[in-house]
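Along the sequence shown, the residues carry numbers beginning at 1. Note that these values count all heavy atoms, side chains included, but never hydrogens, waters or copies made by symmetry.
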Amino acid sequence: MSIFASPQFLSRVMWLDAASCAATGALQLLPGDALARWTGLPNALLVGTGWFLLAYAAAAAWMASRASAPRRAIGLVVLGNLLWAVGCGALLLSGALNLSALGVAWVLVQAVVVVLLADLQWMGLRASSLPGRGRQMAAG
């Protein structure tokens, strides 16, 4: 059996997604204006996306905790992660903000992480839906 078809694979990836979003959201909220000064990102953007990431982390943790992976919800997560990466790329390419090197790195790391998570989630969904594999997975 492929590691991606393992019944625990999607759950583990969703826990990883939840943890990374909770950490990022907390980092965007806790230092206050300091992160905005260090990165060049608007404080309002950091606070708004920080709260979003904490809410998303709770939803991802809920998905990860299910006995059967909610496949449709995880499919939406894949799409959401890809859109987050596109948004990060658009922000960087727009040149609309005067980002510091740390700001560019902050946005770039988020883009790379969510693309990797989306890829792992997609591979897990695909592998678990192949005939004879991952039968424990619910249709969500």
Side-chain angles (χ1 to χ4, degrees):
M1 174 191 298
S2 164
I3 188 173
F4 303 115
S6 165
Q8 295 84 26
F9 182 78
L10 277 173
S11 175
R12 289 180 180 149
V13 173
M14 291 308 297
W15 279 120
L16 181 61
D17 201 351
S20 69
C21 286
T24 303
L27 285 171
Q28 289 186 191
L29 293 171
L30 293 179
D33 292 335
L35 187 62
R37 285 191 309 275
W38 297 333
T39 61
L41 290 161
N43 191 51
L45 177 65
L46 290 169
V47 169
T49 56
W51 283 114
F52 172 82
L53 287 168
L54 291 179
Y56 171 82
W62 177 85
M63 287 180 235
S65 70
R66 302 290 60 135
S68 295
R71 295 177 57 76
R72 289 186 189 137
I74 294 174
L76 289 174
V77 165
V78 170
L79 179 60
N81 278 338
L82 293 174
L83 290 174
W84 190 274
V86 168
C88 288
L91 179 68
L92 291 175
L93 292 174
S94 74
L97 300 175
N98 187 20
L99 299 178
S100 68
L102 179 62
V104 171
W106 186 262
V107 174
L108 190 58
V109 166
Q110 285 190 43
V112 169
V113 168
V114 297
V115 165
L116 292 173
L117 286 167
D119 190 37
L120 290 171
Q121 290 155 343
W122 182 249
M123 287 188 292
L125 285 173
R126 295 260 308 153
S128 65
S129 67
L130 294 173
R133 295 194 182 183
R135 288 290 180 201
Q136 307 83 306
M137 305 301 282

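Atom CG of Leu46 and atom CG of Asp33 lie 9.5 Å apart (nearest 0.5 Å). Between Phe9 atom CZ and Met14 atom CE the span is 11.5 Å, to the nearest 0.5 Å. The structure places CG of Leu117 at 4.5 Å from CG of Asp17, a figure rounded to the nearest 0.5 Å. Here CG of Leu10 is found 11.0 Å from CE of Met63. Values are rounded to the nearest 0.5 Å.
Residues Trp51 and Leu45 do not share a hydrophobic cluster, defined by chaining ILVMFWY side chains whose heavy atoms lie under 4.5 Å apart. Leu116 and Trp122 end up in different hydrophobic clusters when Ile, Leu, Val, Met, Phe, Trp and Tyr side chains are linked at under 4.5 Å. Put simply, Val78 and Leu53 are part of the same group of oily side chains (I, L, V, M, F, W, Y) that touch within less than 4.5 Å, one to the next. Following chains of ILVMFWY side-chain contacts shorter than 4.5 Å, one cannot reach Leu76 starting from Leu125, and the two form parts of different hydrophobic clusters. Neither Tyr56 nor Leu79 shares a network with the other; the hydrophobic side chains, linked directly or stepwise wherever heavy atoms of I, L, V, M, F, W or Y lie under 4.5 Å apart, form separate groups for each.
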Practice prompt. May I have the step-by-step check of side-chain contact (heavy atoms from CB on, under 4.5 Å) for Leu99 and Thr39, ending in yes or no?
Written response: CA-CA 6 Å; Leu99 299 178; Thr39 61; 5.6 Å; no
Item to complete: Please report the C-alpha distance between Asp119 and Met123 in whole Å, then the side-chain angles of each, then the deciding distance to 0.1 Å, and finally whether the side-chain contact (heavy atoms from CB on, under 4.5 Å) criterion is met.
Response: CA-CA 6 Å; Asp119 190 37; Met123 287 188 292; 3.7 Å; yes
Practice prompt. Test side-chain hydrogen bond (donor to acceptor under 3.5 Å, both in side chains) on Thr49 and Gln28 and set out the steps.
Written response: CA-CA 8 Å; Thr49 56; Gln28 289 186 191; 2.7 Å; yes
Practice prompt. Show your reasoning for whether side-chain contact (heavy atoms from CB on, under 4.5 Å) applies to Trp84 and Phe52.
Written response: CA-CA 12 Å; Trp84 190 274; Phe52 172 82; 3.6 Å; yes
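When all heavy atoms of Ala60 and Ala18 are compared, the pair lying nearest together is CB-CB, 3.8 Å. Minimum heavy-atom separation, Ser94 to Leu91: OG-O, 3.0 Å. Residues Leu97 and Pro42 share a closest heavy-atom pair of CD1-CD, 3.7 Å. Closest approach of Val115 and Ala85 over heavy atoms only: CG2-CB, 3.5 Å. Contact record, Ala26 with Leu54: N-CD2, 4.0 Å, taken as the closest heavy-atom pair. Taking both residues in full, the closest heavy atoms of Leu92 and Val104 are given as CD2-CA, 4.0 Å, listed atom of the first, atom of the second, then distance.
Of the possible donor and acceptor atoms, none in the side chain of Thr24 sits under 3.5 Å from a partner among the backbone N and O of Cys21. Of the possible donor and acceptor atoms, none in the side chain of Ser11 sits under 3.5 Å from a partner among the backbone N and O of Gln8.
Put simply, the side chain of Leu35 does not reach to within 4.5 Å of the side chain of Leu41, judged on heavy atoms.
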